[in-house]
Structure formats: C-alpha cells, structure tokens
Amino acid sequence: MACGDQTASSPEGGETVPVTMDLENYDDGTGISRAYRMGTDNLSEEGSVLDGKKHGSWVAYNDDGSIASITTYHVGVKEGVAVTFDKQGYAEVKSFYHNDMLNGNYLVFKRKRVIESRNYRDGELEGIVRKYYENGEIMEEAPYKEGNLDGIAKWYDQEGNLSIAYEYHDGELVNKEAEVD
C-alpha cells in the first residue's frame, strides 16, 4: 500500500482494502465500488473494490500527485501488469503477475532505456537474465532454471567483448573456465 497501512488477507485469500479507505458505490449492480485514500494534500491511491478486495487497476500516487505505480488485481490477487514510475514519470519496472506471483517478462528501466530484462515462471527466475550498460551494450547474460543459475553465465566489457564466463549447475559454480562460442 502506498501509505504503509496494513491490509488484511481474507480467509479466502487476496488483498482486502484497509478500513481507512473511503468507498464510493457505483450503484450499477456489479458490486464494484471505487476506493480512494487521501494523503496529506493529495490522493494517495485509488482503485476498484469487489467483495472488499482490490479489483482491476489500482493507482498509487507520490506526495506531489504524480503516479508512483499502477497494479492490476483480480479479486484481491495481483493479476496482469504492474508498472512503477520514478519521480520524473519514467517507467522504472514493468512486470507481470499471475495468481499473485511474478509470471512473465520483468523489465527494469533507467529513463527510457531497458537496463535489465528477466523472465519469471510461478515466482521463480526462468530463462536468460540480461543486464545492460548505460550505453546499451550487454553487461551480463545469465541463464536461470527454476530460480537457480543453470548454464553458462557471461559478463562483457563496455564495448561488448566477452570478459568472463562461468558455468553453473542448479545454482552452484561448476566451472570457472567455461568454453563459449
């Protein structure tokens, strides 16, 4: 939560809306309400509520009123895209959730440039993690399987030349002199 209030999990699971939030009923027969919380001077977060749980897109705001994050929920569970923004309004992290776990592409940005990309499956790293220098050149490529380093991890200098390659198996370093193509 943007203001640090504690939210309760219901017995059925999912994030419930804190009692400190104001609710407005839409009165359209869907059972969906709008929830919002005011900060000191501005709106601090808002979204829709279904059965007392976050539902749909929720927007959290910085103290200056700019958007801090947008997160999608389905009856209290993170489901779909989540994006956080820096104070200048640039995207910092774009991730995807399924059933409240990271699932899919996860991108880290510095201004408009991707500086890290990774993939998750059921909350665990899966596939190649790539990190980039500010000039856009690849810095690191590391393969993951079920959340552990698994395969040949490579590090590059700022000109894109391979400088180090280590081989891992199930998270353990097995070869400091791995051969690469």
Might you work through the side chain to side chain contact (heavy atoms under 4.5 Å, CB included) test for K131 and I115, ending with a clear yes or no? CA-CA 6 Å; K131 296 181 182 180; I115 60 168; over 6 Å; no
Between I67 and N62, the two heavy atoms sitting closest are O-ND2, 3.8 Å
Worksheet entry | Lys/Arg N to Asp/Glu carboxylate O, K54 vs E45, below 4.0 Å | yes
request  = Using the rule that two of Ile, Leu, Val, Met, Phe, Trp, Tyr join whenever any of their side-chain heavy atoms come within less than 4.5 Å, decide whether I152 and L149 are in one cluster.
outcome  = no
* Let me see the working for V108 and R118 under side chain to side chain contact (heavy atoms under 4.5 Å, CB included), right down to the final yes or no. => CA-CA 9 Å; V108 179; R118 36 185 145 139; 4.2 Å; yes
All heavy atoms of R34 vs all of L43, minimum pair found to be NH2-CD2, 4.3 Å
Taken to the nearest 0.5 Å, the spacing of E141 CD from S117 OG works out to 9.0 Å
CG (L107) and CD (E92) are apart, to the nearest 0.5 Å, by 13.5 Å
Nearest heavy-atom approach of Y132 to V114 is CD1-O, 3.7 Å
Exercise for review: List the steps and the verdict of side chain to side chain contact (heavy atoms under 4.5 Å, CB included) for N135 and Q158.
Suggested key: CA-CA 8 Å; N135 67 4; Q158 291 191 15; 4.2 Å; yes
TODO: Look at atom CD of E137 and say whether more than 12 heavy atoms of other residues, nucleotides or ligands are closer to it than 6.0 Å.
DONE: yes
Check the surroundings of atom CD in E172: do more than 12 heavy atoms from other residues, nucleotides or ligands lie under 6.0 Å from it? no
To the nearest 0.5 Å, atom CD1 of I164 lies from atom NZ of K154 at 14.0 Å
Where the side chain of S48 meets the backbone of G56, is there a donor-acceptor pair that is under 3.5 Å apart? no
Interatomic distance, OG1@T84 vs CZ@F109, rounded to 0.5 Å, equals 9.5 Å
Does this structure show an ion pair linking E140 with R130, if we count only N-O contacts that are shorter than 4.0 Å? no
Exercise for the section: Give a yes or no on whether M139 and V93 share a hydrophobic cluster (residues Ile, Leu, Val, Met, Phe, Trp, Tyr; joining criterion: side-chain heavy atoms under 4.5 Å apart). Expected result: no
Scanning both residues in full, the closest heavy-atom pair of D157 with Y133 reads O-CE1, 3.4 Å
To the nearest 0.5 Å, atom CG of L173 lies from atom CD of E167 at 9.0 Å
Discussion item. Grouping I, L, V, M, F, W and Y whenever their side-chain heavy atoms are under 4.5 Å apart, do F85 and Y61 come out in a common cluster?
Written reply: yes
Smallest heavy-atom separation, D122 atom then M101 atom, equals O-SD, 3.5 Å
All heavy atoms of K87 vs all of S66, minimum pair found to be O-OG, 4.3 Å
Trace of the side chain to side chain contact (heavy atoms under 4.5 Å, CB included) decision for Y97 with Y73: CA-CA 9 Å; Y97 286 84; Y73 292 85; over 6 Å; no
From the list F96, Y144, Y120, ring pair (Phe, Tyr, Trp, His ring centres under 6.0 Å) with Y106 holds only for Y120
- Between the main-chain N or O of V75 and the side-chain N or O of H55, is there a donor-acceptor pair closer than 3.5 Å? yes
| task | Would you check if there is a donor-acceptor pair between the side chains of D170 and N148 at a distance under 3.5 Å? | result | yes
Any salt bridge between K145 and E126, counting N to O under 4.0 Å? no
| field | Check: N105 side chain, N119 main-chain N or O, donor-acceptor pair, under 3.5 Å | value | no
Here the gap from L125 atom CG to D150 atom CG, rounded to the nearest 0.5 Å, amounts to 12.5 Å
